[in-house]
Structure formats: structure tokens, C-alpha cells
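Since the structure is predicted, the reported quantities are computational estimates derived from the model, not experimental observations. In what follows, chains carry the letters A, B, and so on, assigned in the order in which the sequence lines appear, proteins first and then strands, with residues in each chain numbered from 1.
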Amino acid sequence: MEADSVYNQWSLENDTDYGEYNVVEPCSYASNRSLEQVLGPYVHSIISILGFLGNGLVIVTYACYKRTKSMMGIFLVNVAIADLLFVVALPLIVYNEMSSWSMGQVACKLLRGTYSVNLYSGMLLLACISTDRYIAIVQARRSFRLRSLFYSRIICTIVWVSAILLSVPTFYFYHWYEPSHTRQIFMIHEENVSFTPHYVCELKFSDNDTAWRTKVAVPSTQMAVGFFLPLLIMIFCYTAVIITLLRAKNFQRHKAVRVVLAVVAVFIICHLPYNITLLYDTVEMFDLHPCEVSDAMLMAKTVIQTIAYLHCCLNPVLYAFMGVKFRNHFRRIVQDLCYLRCFSRASSKINTSNCRVVYQISDTNSSLNV
Amino acid sequence: MVSGSPSVMVITLLTVCLLATHTSAVYPECCRRYMTVKLPFGAIKGYSVQTVREMCPINAIIFHTKKGKACTNPALDWVMDYVNRVRNKAQMVHLKTSNAH
């Protein structure tokens, strides 16, 4: 390949005879395509399944079992909802992107929009959680007034509304279309041109200026509001939390510090590489590159993006399952399900109303214990 | 219900994966740089337009030549001159979308 491109260079520079010429072909991104063929069906579906189970359990636990509604609880449920919608949209996007986008215009706008809304709301809610912990631990005196259910509902509404507003350009500019350079070819002599029509779900604009501006603005907003803003808030809040925890004389403080550090570390490991690639991509977007370079850049982006997707499976573990209260509630779900299953298996011939009674007894027992 | 919905989802996802592995990937290509030398007009069979208004990051004129597709810079005079000459001669071939899939 190296020798080949050197030869191309040489022959291009010495090309005086118009009978001999070498063409610079459009890039097919073959390596990135084959990488996506592996990552798409296997890795992304594992992420989706794990994310679906983890976040589903968080939502079910809070919806059915958790009676004490706290500000943190409401934030955690909202993060789980955002992550759940994300992992539902992800396999559909991957499926469509692996071939000609087959689901049409509505699915195109809806899936791209859902992806964007949940990215923003998920990240902003993580920032809200860090602020909530900061108020609870560092500003403990103001805690009762500020950490009310009323405030948390308002904050969640603000987060979701801003996530939707930030995603308006995505909803508006993503279209389902056949790219014009593959659809329309002006030929001197009519001949049979073999081609496969290919639909994409990508950005489309009516004029060049809007195109240039939006192609920079969309990823820039994503980096600024979807990463750097939450990162700054988290670093500020959790630094203050750790300092307060280290001063306190609580035997559990080291465990708490470790949890906080894990939350921040996972956030940075998952999203910093992706946002750096996004930044590089945005800066270099309109520059000219050989195909090998842009193919390699795309491959790096594909791998790093997968790491970022992993975050939505880790959120339930980092935020919900690390909490003692949540774990107790979760244990109750498992126990209740066990009771239900064992009982129904043992008495499959007896009518099901008895089953429900046992279920309710076990439920009241465990709620007394809490 | 609690144990039912995840397993339905798992099955759905696996089906999607199986479907996805059987489709061939023919993704639209994009020009990422331009030819540095002028093409001979005689070699050109036709052209198509890549625009920044769509999925690709740069504007380009793609000349269809006997040796394949050639990415050229629409800011260059010879490129637009060729485009006009081809357009005068050519009838546009609207590629039919009926032979899809």
C-alpha cells in the first residue's frame, strides 16, 4: 500500500501525457465498515441488553418498592429512564446504519432525536446528582429546604426541557435521503450504470453556510453541554464532598470516598476520550485527508464511542446498586419473585389468588423491616 | 411481568443482530481530498456532485472516468469548465431507485 501511494504520487507529479492519469477516488472507509460489522451486532447488543436489564431493574425497584421518595431517588429514576431510552434507540440506530437506513424518515428523526435528548438529559442529571450530594454533605444545614421533592421535580423538568431544546437542531436537520452524489449522475453517453441506491439518515441543509455552521455547532454543543459542563460541576461538587468526608469522623467515610472517586473516574474514562475525538473530528472536519487517515480516524472514533456507550450500563451499578437502601429494596424484589415462583410452582393446581396473598404477606413483612 | 419484558427484549435484540449480520454494507463514499492534476477531458464519462449540504464534509465534483471516480475541487476553473462542457453534451441520468434491495 505504501509503495502504491508513492507510485501514485510520482506518477501524478510527472503526468504530462493526458493519456496517463491516476484518479483520487472517494473514500469507502472499508476498515471502519468492517469494524462496525463486528462491533455493531455483538458488542453494541451486549451493551444494550446489560443497559436494559440494569436500568430496567432500577426503574422497577423505584416504581414498585421504594416508598420513601427522595430527591436522589427521583434523579436516579430519571437517569435510568434516559439510559433506558438510549439503549433501546442504540440497537435500532446500529441496525439501520449497518445497511441502507431501512426504517424511513420518521424513525430517522425519532431515533437521532432520542439519542440526543437522552445523551443531554443523562449527562445533566449526573451533574444534578453531584450537586444533590454536595448540598446533602457539604451544605447540610440548607439541605432540608433545598432537597425537597418539589425542587427535584422542577429540576428534572428543566433538565428534560433543555435536553429537548438542545436536540431541536438534531430533530430538524437530520433527514432520510439518498445522497445526491450517489443518486444523480450526469453522463455524456447514456449507459448502464450499476449502482445500489443507498439511503442514509444524516444531516441535510438547504444552503452551504447553514451546513458549515451546524456541522460545527451540533458537536460543539454536545461537547460543551453534554460533557464539559457536567464534568466541571461534578469535579467541583465531588471535590468538596471528598474534603468534607475526609474531615468527618465516620467509620464508613473511606467507602464513601471510594464510591465518589469511582463515579468520577468512570465518567472521565468513558467520556473524555470520546469528547477529545469529537473535538479533533470537529476541528479537522473540513480539512483534506487521504482516505487511509480519515478511515483510521473513523475507526478510532467507533471504538471510543463504544466505550462511551458502556457508561449507560455502569450508571445503575455506580449510582443505584452502591446505595445500601437501594440494595435492600432490590433484595426484596428478588425475594418476592422467589416466593412467587416457588409458591406457584408448588401449587400450580391451586388457584392463583392464594399466590397473591402470600406475595402480599411477604411484601408487608419486608416493608416492616425497612 | 418483571422477568418477562427483559427476555422479550433480549430475543428482539438477538433477532435484530442476526438480521444485521446478513445485510451487506454498501455505504455512500465521500471525497476527502482532491486530485492535484488536471484530468484529460476525453477520459470523462460523466460527473456527480458531492455537496457539504449533505453527509460529506467537503464540496467536490466527482468525475466518472474510465479508470474510476475522480474527486476534484469545484473551486478550480478547469473543473467547472469540464462540468459545463459535460452538461451541454449530456442528458442527466436519473438513476432509478426501483432496483433497490
Side chain / backbone / both / neither for [X] at chain B, heavy atoms under 4.5 Å:
X: A:Asp287; value: backbone
X: A:Phe173; value: neither
X: A:Thr214; value: neither
X: A:Lys215; value: side chain

Can you tell me how far the [atom1] atom of [X] sits from the [atom2] atom of [Y], to the nearest 0.5 Å?
X: A:Glu25; Y: B:Met35; atom1: CD; atom2: CE; result: 10.0 Å
X: A:Phe286; Y: B:Asn59; atom1: CZ; atom2: CG; result: 10.0 Å
X: A:Met187; Y: B:Lys45; atom1: CE; atom2: NZ; result: 5.5 Å
X: A:Ser294; Y: B:Arg32; atom1: OG; atom2: CZ; result: 5.0 Å

Completion exercise
Here the pair of heavy atoms bringing A:Val24 nearest to B:Tyr34 is CG2-O, 4.0 Å
Handout entry: Contact check, side chains of A:Pro26 and B:Cys31, non-hydrogen atoms, under 4.5 Å
Key = yes
Practice task
Can you establish whether the number of heavy atoms outside A:Asp207 located under 6.0 Å from its atom CG is more than 12?
Solution key: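 Correct, the count exceeds 12.
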Exercise for the section: Identify which part of B:Phe63 has an atom lying under 4.5 Å from any heavy atom of chain A, answering side chain, backbone, both or neither. Expected result: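 For B:Phe63, neither part sits under 4.5 Å from chain A.
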Problem - Non-neighbouring partners of A:Lys109 that pass salt bridge (Lys or Arg N to Asp or Glu O under 4.0 Å), sequence neighbours left out - result: none
Handout entry: All salt bridge (Lys or Arg N to Asp or Glu O under 4.0 Å) counterparts of A:Asp209, not counting sequence neighbours
Key =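 Expected list: none.
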Exercise for the section: Could you check which of A:Cys291, A:Ser180, A:Ser28 has the highest count of heavy-atom pairs closer than 4.5 Å to chain B? Expected result: A:Ser180
Practice task
Tell me, please, which residues at least two apart from A:Cys313 pass disulfide (SG to SG under 2.5 Å).
Solution key: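 For A:Cys313 there are no disulfide (SG to SG under 2.5 Å) partners, ignoring immediate neighbours.
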Completion exercise
Within residues 46-58 of chain B, contacts to chain A at heavy-atom distances under 4.5 Å involve B:Gly46, B:Tyr47, B:Ser48, B:Val49, B:Gln50, B:Thr51, B:Val52, B:Arg53, B:Glu54, B:Met55, B:Cys56, B:Pro57, B:Ile58
